[in-house]
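Quick note: numbers below take in every heavy atom, side chains included, and nothing from hydrogens, waters or symmetry partners. If you read the sequence from its start, that first residue is 1, and numbering goes on from there.
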Amino acid sequence: QVQLVESGGGLVQPGGSLRLSCAASGSIFSIIAMGWYRQAPGKQRELVAGITIGLITKYVDSVKGRFTISRDNAKNMVYLQMNSLKPEDTAVYYCNVANPYNWDPARDVWGQGTQVTVSS
């Protein structure tokens, strides 16, 4: 089973940018869909962005136009470029295998995540 490790989070001012990375321990070439999810304090984990093997993307409305998901199958990496960050983007961000039909997480195995804090 592929293991996923997230990195790239940090503290950034509103309007700033961060690039999150998700490194897979094995090949993601055959994984149909990958997703970035986030969980803010006191809230349920939610899908932020997803990408299929055919490079079809899905974004939650609140991040459309600001975030971009990408995948590099050759490097077994998935990225999330986050621009124009807002305080409400503050959360722990996770990557996971996604169900391409409803974008729910396809497995109940999570990494440690990476903390994103947007604050002045």
Side-chain angles (χ1 to χ4, degrees):
Q1 189 176 30
V2 65
Q3 292 183 322
L4 304 168
V5 178
E6 304 91 346
S7 63
L11 172 64
V12 64
Q13 292 186 343
S17 297
L18 285 172
R19 188 195 195 203
L20 305 185
S21 298
C22 173
S25 62
S27 175
I28 64 169
F29 181 79
S30 61
I31 297 179
I32 295 175
M34 296 289 297
W36 279 99
Y37 302 82
R38 67 186 178 188
Q39 187 166 23
K43 295 187 177 182
Q44 288 189 333
R45 192 174 290 161
E46 64 171 352
L47 173 77
V48 177
I51 186 167
T52 70
I53 198 169
L55 304 183
I56 295 171
T57 56
K58 165 75 173 181
Y59 297 95
V60 67
D61 286 346
S62 60
V63 308
K64 285 181 180 177
R66 300 189 297 122
F67 291 10
T68 303
I69 189 172
S70 60
R71 63 190 286 172
D72 186 333
N73 291 339
K75 295 182 179 179
N76 298 319
M77 298 289 293
V78 183
Y79 304 100
L80 185 67
Q81 178 66 42
M82 305 188 297
N83 299 328
S84 302
L85 282 160
K86 303 176 180 180
E88 51 263 43
D89 295 318
T90 296
V92 180
Y93 284 70
Y94 304 86
C95 65
N96 209 341
V97 180
N99 183 321
Y101 299 101
N102 59 18
W103 295 103
D104 285 344
R107 56 178 203 174
D108 193 22
V109 176
W110 298 92
Q112 83 287 352
T114 186
Q115 175 71 48
V116 172
T117 303
V118 184
S119 175
S120 55

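More than 12 heavy atoms of other residues, nucleotides or ligands sit less than 6.0 Å from atom CD of Glu88. Under a cut-off of 6.0 angstrom, the local environment of CG in Leu11 is crowded, with over 12 non-hydrogen atoms contributed by other residues, nucleotides or ligands.
Put simply, Val78 and Val116 are part of the same group of oily side chains (I, L, V, M, F, W, Y) that touch within less than 4.5 Å, one to the next. Note on Val12 and Leu20: same hydrophobic cluster, where clusters join Ile, Leu, Val, Met, Phe, Trp and Tyr whose side-chain heavy atoms are under 4.5 Å apart, directly or indirectly.
Pairing each heavy atom of Ser17 with each of Ser84, the nearest pair is OG-N, 4.4 Å. When all heavy atoms of Pro14 and Ser120 are compared, the pair lying nearest together is CD-N, 3.7 Å. Cys22 and Trp36 make their closest contact through CB-CZ2, 3.6 Å (heavy atoms, listed as atom of the first residue, atom of the second, distance). Here the closest heavy-atom approach between residue Ala98 and residue Gly35 is recorded as CB-N, 3.9 Å. When all heavy atoms of Glu6 and Gly113 are compared, the pair lying nearest together is OE1-N, 3.0 Å. Nearest heavy atom pair, residue Pro105 against residue Asn96, reads CB-ND2, 4.2 Å.
The stretch residues 29-93 participates, sequence neighbours left out, in no disulfide bond (SG atoms under 2.5 Å apart) pair at all. The ring pair (Phe, Tyr, Trp, His ring centres under 6.0 Å) analysis of residues 40-85, with sequence neighbours excluded, yields no pairs. Sorted by first and then second residue, the ring pair (Phe, Tyr, Trp, His ring centres under 6.0 Å) pairs involving residues 89-110 (not counting sequence neighbours) are Tyr37-Trp110, Tyr94-Trp110.
Taking CG of Asp72 as the reference point, atom CE of Met77 lies at 8.0 Å (rounded to 0.5 Å). The distance from atom CD1 of Ile31 to atom CG of Asn73, rounded to the nearest 0.5 Å, is 9.0 Å. Rounded to the nearest 0.5 angstrom, Ser62 OG and Glu46 CD are separated by 6.0 Å. To the nearest 0.5 angstrom, Ile51 atom CD1 is 9.5 Å from Ile56 atom CD1. Asn99 CG to Leu47 CG: the interatomic distance, rounded to the nearest 0.5 Å, is 11.0 Å. If you take CE on Met82 and CZ on Arg19, they are separated by 11.5 Å, rounding to the nearest 0.5 Å.
Side-chain atoms of Arg71 and Leu55, non-hydrogen and from C-beta on, do get closer than 4.5 Å to each other. Residues Val92 and Arg45 form no side-chain contact, since every pair of their non-hydrogen atoms from C-beta on lies 4.5 Å or further apart. Between Ile53 and Met34, every side-chain heavy-atom pair lies at or beyond the 4.5 Å cut-off.
Residues passing the side-chain hydrogen bond (donor to acceptor under 3.5 Å, both in side chains) test with Gln115, sequence neighbours excluded: Thr117. Residues forming a salt bridge (charged side-chain N to carboxylate O under 4.0 Å, His left out) with Arg66 (at least two apart in sequence, or on another chain): Asp89. Applying the side chain to side chain contact (heavy atoms under 4.5 Å, CB included) rule to Ala24 yields the partners Val2, Leu4, Ile28, Asn76; only residues at least two apart in sequence or on another chain are considered.
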Inset, instruction - Please report the C-alpha distance between Leu80 and Arg38 in whole Å, then the side-chain angles of each, then the deciding distance to 0.1 Å, and finally whether the side chain to side chain contact (heavy atoms under 4.5 Å, CB included) criterion is met. - result: CA-CA 12 Å; Leu80 185 67; Arg38 67 186 178 188; over 6 Å; no
